[in-house]
Amino acid sequence: MTVTDTTEAVLAYDDVVAAYDPVLGLEVHVELNTATKMFCGCPTGFGAEPNTQVCPVCLGLPGALPVLNARGLESAIRIGLALNCEIATWCRFARKNYFYPDMPKNFQTSQYDEPIAFNGFLDVELDDGSTFRVEIERAHMEEDTGKSTHVGGSTGRIHGADHSLVDYNRAGIPLIEIVTKPVEGAGERAPEIARAYVSALRDLLRALGVSDVRMEQGSLRCDANLSLRAKVPGTAPGSAEQRAVPLGTRSETKNVNSLRSVERAVRYEMTRHAARLAAGLRIVQETRHWHEDTGITTSGREKSDAEDYRYFPEPDLVPMSPDPAWVDELRGTLPEPPPQRRRRLQADWGFADLEMRDLVNAGAVELVEATVAAGAAPAAARKWWSGELARRANADGVELAAMPVTPAQVAALQGLVDAGTLTDSLARQVLEGVLAGEGEPADVVESRGLRVVSDDGALGAAVDQAIADNPDVADKVRSGKVAAVGALVGAVMKQMRGQADAAKVKALLTERLAPADSTTDVTTS
Amino acid sequence: MSAISREEVSHLAMLARIDLQPDELDRLAAQLDVILDAVATVTQVAGEDVPATSHPMPLTNVTRPDEPRPCLTQEEALSGAPAAEAGRFRVPRILEED
Amino acid sequence: MTGTTLPADLTRATAAGLAQALAAREVSAVEVAQAHLDRIAAVDGTRDADGVATGKAVHAFLHVCAENALADAKAVDDARAAGQTLPVLAGVPIAVKDVMATRGLPTTCGSRILQGWVPPYDATVVANIRAARMVVLGKTNMDEFAMGSSTEHSAYGPTRNPWDLDRIPGGSGGGSAASLAAFETPLATGTDTGGSIRQPASVTGTVGVKPTYGAVSRYGLVALASSLDQAGPCARTVLDTALLHQVMAGHDPMDSTSLTGEYPDVVAAARAGATGSLDGVTVGVVRELSGDGYQAGVLRRFEESLAVLTEAGAKVVEVSCPSFAVALAAYYLILPSEASSNLAKFDAMRYGLRVEPGGVAAPTAEQVMGATRAAGFGDEVKRRIILGTYALSSGYYDAYYGSAQKVRTLIQRDFAAAFGQADVLVSPTSPTTAFPLGDKLENPLAMYLQDVATIPANLAGVPGMSLPSGLADEDGLPVGLQILAPAGADDRLYRVGGALEAILTARWGGSVLDRVPDLSAALATAANGATR
């Protein structure tokens, strides 16, 4: 075992892409959002007390046997279909044998040479609007492992730990592993393509409704394989000449748990590989660990010949042979592909490209859609989600979708603005109350007393006060400088803590300060 | 089939996580040699065209509905544990991240 | 106290007889349980603090749960007194092979690595037994993780054959078979991966059935080789075996390989067989499963059984299953392969033994696993794990495991062809009678040959029965006859076995077990020997 915590030499990115052609391989593990585990009836909820969502099966107790979750199989097939894969007409589970304390049976029930789905592709939209096709090798079913906490040692990390504590709640949660074929032709855009692929996959899985796809909670995890090979001068990255060059030795970077990290990790590995190659050093085929904080990878386990998983068909589970009619039926349940859907929504909503891209990047398309469905105008819905809410989510470091406000509440809030009950600034205060858990927008309006005041009595008093406090300004208005009325409106609003109906205030001021000759009897009605 | 060496047995013991003593390695290498010699006949009888049988009964598509079932309590789960701490299984330090 | 249907010694009664008397309230379940517990106390011997057998006795049980048994028996009596109608075998005692998970009762599989483990759940078979209100007496001894044909590979000392305490009771289910032959229980459970029910039955003069693969749930049976393992009933008569079979079998949604659909009525078949008529039944003699390597006395009893079957009206034909010649070889690749994976879970992390390696200051999980598995597994288990690890490793998979799986296909085809010619197939169960303890310990291959006739059924998943066909002339020890039927036709075993049993017991004037030597005399001799 070698642990290198020191930063390795890296090469400048421009020099890397001038000399080398990167080849990516992306392995994404997605936790399904089934109610129960892959092979037993234990629930899958996140954050339960340790070892309370376990049974003899997922705890690997002697004698226990697995039974496949029908929903897990269905989700796997739907994912395969959405990735344009062929679906196996007959396939089996296999046992992947290796010892590790967080794996209860010391074998993982997985699929080996007979995946449920294979040979597909995903078209990925890049920032400049172009499309890159990523070929999919396979999507297969497997189970998650338990979770270890390392105790003792200075950092709580695995090295130097005194002992470990294992919680098996996660053991047996259904996973789908989606593996790309070698991604060639990415060239200098390899980091961006890696991120865009994971992003597109996340959108697709979310649209399928098969997973929570929360990277920060680990329900979507990415391992990035990277190798470099010499660039063939004068050819495009995807050219036949370039493809003919044999692949270099690859590294596999684990724990890449945000979209931004995917891009950064690939970029870092490209510069690290290139520096080694340029210095005449060999690339070690190994697992690398990504460190979000420092933005580097460190050496993990060396992949050696000693690794022999001794796969064989799982005798405790019977083969799967999905009925073609059922597969066709599932094909019919596939959602509109997210990019296509985005284009349709953009047209419906009349948003500019940049506006739409901001929404996509903020993960707000579904939120805006639901807000519009709840009655808000598209522009207003967009304004809330990519404005005020995005700002607050960013400040709190949470995903937009995790903000404690529903699209229906945002639509209701906008409805209050549209009806004149709230001004924009009042609406922001109401939103604050909603986010603080004070109830529905209407409740917050009442409890915080944030309603716009358009009652002439209350406003009249404030208007009179403002005139009295600002005699000079009042005179200016009286003398015909109508624009000066704005300052008085501001004074009234300040007095009313923003809750005054500005139009009404202006009308009252204009009446009060009308030139003397035109004055008739001013009555308030 | 060639004879199985002591080194091979040692490698297999590592894969199987059994710390075999030197004398056990010698004895096992000799015994496995005899056994492997006896079972080698399987390699000669079945042709390419014979399919493999992994399951004795031709069942397919056995699944269960995605419905929760009762779990063990934490106490039951940990009841057999050689050591437990804070509701978790306490295990010796783990050398390498998987 | 006892009625006319029962012998004075309740331990000599059949399960069917006990069931009838219990239902008629001629005897109480507590009396029945107590009689068997007393018998166990008299003949089973003692164990030391580590559970290891001490002195010369039967040692069929690893764990006796007298208190639980009496409490369960009392509950049955109370229910009957309250007028409740209970299942047929309610109140009948049973011994459970220690490979089955029993909630609240130790389950060791005869291994040091599981010493002290008390499962938090019941195997489906055990749940079925409890639902039938049967009275569990305890857990029976076995070769460690069911690997062996003699129970000598138990970490807790061998079980001895009640016919001769210096001989093996068969294995792996020697404890269950011996407990029946020693009249410690009328019924017992077994598991059969390559003959672990049938071979012990054969060498103890008892009856055992390996049902069709999938007929009895495997949920809660500590797995040896998942694609071969099958639990089944053990008893002293064909009818008793059928009664227990009926309780154990049935679809279980917790076992993916559990069979659905109609299960045959094995009790009716046993009763039909007892009439002694086999008109219209064709019996196939498997040419490859007799002859060279079979003891003369075993073959003589086998020939005699064929004559009896003919007398009963069956047509006896010869069939050939050429690939059976490589069944043993295929078995000794498939079994270790699956076992090497199934036994990986015993790693000192979650349950069972934990051993820290000597001379290491702060051992890692990996080191503790290695040390625990070295200390907790016996030689035979280690041998098979290493063999299986080898057969599955990347360079050898196709040659060994892959080829063995193909042989499995050939064996299934041979069975299909044979069952095209005959309704059932017959052979001697085991090539020899019970051999002396220690005889084959140093020669694994010789031990493996014990299962040469029983293994094909496991590879193909078909059901098989062993029942007594008499005593061998040369040593006076029991000989077993094996009957095999097509998958799903378990009832045929009982029909043919029932007929053979009826005719033979009539001819002998009683069952084979009536001739088992008086154990109290043997135990007294042993005790004298020990004090000498």
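Letters go in sequence order (proteins before strands), and every chain restarts at 1.
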For [X], is it the side chain, the backbone, both, or neither that has a heavy atom closer than 4.5 Å to a heavy atom of chain B?
{"X": "Leu59(A)", "value": "side chain"}
{"X": "Thr44(A)", "value": "neither"}
{"X": "Tyr168(A)", "value": "side chain"}
{"X": "Cys40(A)", "value": "backbone"}
{"X": "Leu61(A)", "value": "side chain"}
{"X": "Pro313(A)", "value": "side chain"}
{"X": "Glu314(A)", "value": "backbone"}

Which bit of [X] comes within less than 4.5 Å of chain A, counting heavy atoms only: side chain, backbone, both or neither?
{"X": "Ala16(B)", "result": "backbone"}
{"X": "Thr73(B)", "result": "backbone"}
{"X": "Glu85(B)", "result": "both"}
{"X": "Pro68(B)", "result": "both"}

Derivation and outcome, side-chain contact (heavy atoms from CB on, under 4.5 Å), residues Arg17(B) and Asn106(A): CA-CA 11 Å; Arg17(B) 293 287 185 281; Asn106(A) 285 321; over 6 Å; no
Candidate pair Glu67(B) and Arg69(B), rule salt bridge (Lys or Arg N to Asp or Glu O under 4.0 Å), full reasoning: CA-CA 7 Å; Glu67(B) 290 159 10; Arg69(B) 288 174 52 91; over 6 Å; no
Looking at [X] and [Y], would you say the former's side chain and the latter's main chain have a donor-acceptor pair under 3.5 Å?
{"X": "Gln111(A)", "Y": "Ile116(A)", "answer": "yes"}
{"X": "Asn255(A)", "Y": "His289(A)", "answer": "no"}
{"X": "Asn169(A)", "Y": "Glu49(A)", "answer": "yes"}
{"X": "Arg92(A)", "Y": "Pro319(A)", "answer": "no"}
{"X": "Asp33(B)", "Y": "Ile4(B)", "answer": "yes"}

Note, Ile94(B) side chain near Tyr100(A) side chain (heavy atom, < 4.5 Å):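 Touching, per the 4.5 Å side-chain cut-off.
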Sort out for me which of [options] touches chain B most, counting heavy-atom pairs under 4.5 Å.
{"options": "Val166(A), Asp167(A), Leu317(A), Asp323(A)", "result": "Val166(A)"}
{"options": "Gly146(A), Pro56(A), Pro322(A)", "result": "Pro56(A)"}
{"options": "Cys55(A), Ser148(A), Ala35(A)", "result": "Ala35(A)"}

Best-contacting candidate, Asp66(B), Val91(B), Val62(B), Leu59(B), against chain A by heavy atom pairs under 4.5 angstrom: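 The answer is Asp66(B).
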Passing candidate, ring-ring contact (aromatic ring centres under 6.0 Å, His included) with Phe93(A), options Tyr112(A), Phe39(A), Phe107(A), Tyr311(A):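 Only one of Tyr112(A), Phe39(A), Phe107(A), Tyr311(A) forms a ring-ring contact (aromatic ring centres under 6.0 Å, His included) with Phe93(A), namely Phe39(A).
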